[in-house]
A.B. asks: 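Attaching a single structure in structure tokens format; questions to follow.
The figures that follow rest on heavy atoms only: side chains count, while hydrogens, waters and symmetry mates do not. Below, chain A is the first sequence line, B the second, and so on; all start at residue 1.
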There are 2 protein chains.
Amino acid sequence: MMSDTGPSPIQRKSLHLELVDRLQPLIIGGELVPGSKVPEKELCDRFGVSRTPMREALKVLASDGLIRLEPNRGAWVTIVTISEVEEVFPVLGALEALSGKLACESITPAELDEVSDLHAQMIASYERRDLDAYFSINQKIHRAILMAARNDTLTASCQALSLRMQRARYLANMTEGRWYDAVQEHERILQYLLARDGENLAQTLLEHMEAKRQSVVRWLQAQEQEAAE
Amino acid sequence: MMSDTGPSPIQRKSLHLELVDRLQPLIIGGELVPGSKVPEKELCDRFGVSRTPMREALKVLASDGLIRLEPNRGAWVTIVTISEVEEVFPVLGALEALSGKLACESITPAELDEVSDLHAQMIASYERRDLDAYFSINQKIHRAILMAARNDTLTASCQALSLRMQRARYLANMTEGRWYDAVQEHERILQYLLARDGENLAQTLLEHMEAKRQSVVRWLQAQEQEAAE
DNA sequence: TGACTTAATTATGAATTCAAAATTACCGTG
DNA sequence: CACGGTAATTTTGAATTCATAATTAAGTCA
């Protein structure tokens with residue numbers, strides 16, 4: 001159902017890109033702990049590659065902000081700071097708002113069906129309080145809207161920033177109240193999308209991001225508090 | 001006058017980052033011709049480095065979209081296509097609009113003076129039809145607004161996309177009419193910034209980008225036409 | 001014991017090497 | 001002469017090597 005990027009590319013991806021794809025989940029999944037050192041040698045052994053392609057991959061991940069390279073001291077998994085959240089969410093908001101506007105212009109009935117379907121699934125996971133499923137489907141919805149916007153540059157930019165925000169399991173933490181609100185927001189998002197009302201969809205996505213930002217910042221502040229004790 | 005990123009970093013940048021910084025101007029300046037092969041060995045000789053850091057740099061540049069890596073066939077300088085322009089400018093528009101909004105909240109009187117000064121210089125270069133100076137100052141203005149927005153993530157995103165649009169000398173080509181309009185737009189941009197009118201500044205920056213997009217696309221279409229003959 | 005040196009070890013950055021792929025040059029055949 | 005195929009050359013991707021910087025361990029002395 002997803003739009004294909006091309007006719008089955010036979011070309012083997014270069015090793016370093018393969019590694020980028022493999023390392024990303026380790027970082028956002030928390031297996032590589034934020035603030036800890038990236039165990040270069042260990043990862044080389046694990047993936048059965050030499051240091052050269054691994055280090056190339058680390059350079060790319062660093063340019064995406066997922067890790068930090070300290071000269072002569074190796075690579076470190078970056079941590080999500082409050083100030084970074086305050087920076088990234090407004091940018092992400094602007095980009096998602098644009099994606100909503102563009103999606104309304106280009107989305108097909110089939111794609112609308114798909115989003116509706118995903119939305120229903122998301123509601124179902126909300127009702128049985130399945131947070132993991134909820135988050136997974138939630139992301140699929142945002143991605144589906146992005147796809148419908150038909151703008152690969154926009155997709156890539158959103159993707160990169162989203163990854164940075166997913167580094168920890170922080171986002172998977174919501175109060176019951178915030179969760180309810182988020183679902184309401186998504187209800188509006190779906191309605192505006194179905195109505196192809198770009199302006200209101202953009203506005204709602206912006207508010208959605210702003211609310212998410214607040215929620216994440218609150219949680220991080222609570223974490224800080226906790227750590228101080 | 002520009003805000004310093006920190007207290008004189010003694011730490012030597014890693015070689016590959018140094019190379020990224022050195023290669024970028026070669027690409028956007030057109031010395032590395034769009035569509036041509038990146039002469040890896042030649043560049044290694046020129047900068048006196050081995051292939052390892054050079055190849056690391058190329059991987060990073062590729063992830064920024066300035067070059068394209070074809071497996072087993074080397075690196076190629078990407079060309080600015082019409083469809084890419086149609087993609088990038090709307091994204092850049094959204095980001096610049098945000099930067100305008102944020103700048104209105106945080107810009108200092110000293111920074112406002114600086115922008116006013118740059119604006120005056122830009123008008124002067126317009127009046128003597130000095131396109132190179134005009135473009136250079138123009139960029140400084142956009143960058144100053146970006147700095148005033150106090151959002152490094154936003155700055156980095158804008159920077160990356162701007163670079164992609166600067167790859168050729170295409171942008172330095174404007175009709176007399178378009179040039180005049182651009183100056184008028186910049187007049188409004190300055191006024192809204194001085195008035196700290198975020199909403200209108202954002203809107204104007206958006207329109208500015210849209211106009212620029214149209215102008216660049218027209219020029220590229222003309223180029224295509226020319227090439228076909 | 002504990003701070004300060006100094007030596008051993010390890011990790012990092014970058015050059016070099018090597019196998020595989022792609023390109024070019026060469027050559028025979030129709 | 002054009003075409004197809006094979007061998008030589010070059011380029012690329014990735015492993016290995018090597019010098020240097022950083023870290024750890026050991027030893028010295030107050």
A.B. asks: Could you check how far NZ of B/Lys13 sits from P of C/dA14, rounded to whole Å?
C.D. replies: 13 Å

A.B. asks: In whole angstrom, give the distance that lies between atom CE of B/Met54 and atom P of D/dA14.
C.D. replies: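 Going from B/Met54 (CE) to D/dA14 (P), I get 18 Å.
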
A.B. asks: Rounded to whole Å, please give me the gap between CG in A/Leu19 and P in D/dA14.
C.D. replies: 9 Å

A.B. asks: With the side chain of B/Ser50 defined as its heavy atoms from C-beta on, choose the nearest nucleotide among D/dA15, C/dT16, C/dA11.
C.D. replies: C/dT16

A.B. asks: Tell me: CG of B/Leu15 to P of D/dA21, nearest whole Å?
C.D. replies: 14 Å

A.B. asks: Under 3.5 Å, side chain of B/Ser106 to main-chain N/O of B/Arg150, donor-acceptor pair present?
C.D. replies: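 Absent.
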
A.B. asks: Would you kindly say whether B/Ser83 and B/Glu86 are connected by a side-chain donor-acceptor distance under 3.5 Å?
C.D. replies: no

A.B. asks: Counting only N and O atoms by type, is there a donor-acceptor contact under 3.5 Å from the side chain of A/Ser162 to the main-chain atoms of A/Gln159?
C.D. replies: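 Answer holds: no.
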
A.B. asks: How about CZ on B/Arg178, more than 12 heavy atoms from neighbouring residues, nucleotides or ligands closer than 6.0 Å, or not?
C.D. replies: yes

A.B. asks: Which of the following nucleotides, C/dA14, D/dA15, D/dA22, is nearest to the side chain of A/Asn72?
C.D. replies: D/dA22

A.B. asks: Rounded to whole Å, how long is the line connecting atom CD of B/Glu18 with atom C1' of C/dA14?
C.D. replies: 15 Å

A.B. asks: Tell me: CD of B/Glu40 to C1' of C/dT23, nearest whole Å?
C.D. replies: 16 Å

A.B. asks: Below the 4.0 Å mark, does D/dA14 have OP1 or OP2 next to a side-chain nitrogen or oxygen of A/Thr52?
C.D. replies: no

A.B. asks: Does A/Arg51 or A/Glu56 map to a spot on DNA chain D nearer the 5' end, using the closest nucleotide for each?
C.D. replies: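 Result: A/Glu56.
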
A.B. asks: Donor-acceptor check, side chain of B/Ser36 to backbone of B/Val33, threshold 3.5 angstrom: yes or no?
C.D. replies: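 Side chain of B/Ser36 to backbone of B/Val33, a donor-acceptor pair under 3.5 Å: yes, one is there.
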
A.B. asks: Rounded to the Å, how far apart are A/Leu17 CG and D/dT12 P?
C.D. replies: 17 Å

A.B. asks: Rounded to whole Å, please give me the gap between CG in A/Leu69 and P in C/dG13.
C.D. replies: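 It works out to 7 Å between those atoms.
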
A.B. asks: Check whether any side-chain nitrogen or oxygen of B/Arg73 sits under 4.0 Å from OP1 or OP2 of C/dT23, and answer yes or no.
C.D. replies: yes

A.B. asks: Compare the minimum distances between each of C/dA15, C/dG13, D/dA15 and the side chain of A/Arg55, then state the nucleotide with the smallest one.
C.D. replies: C/dG13

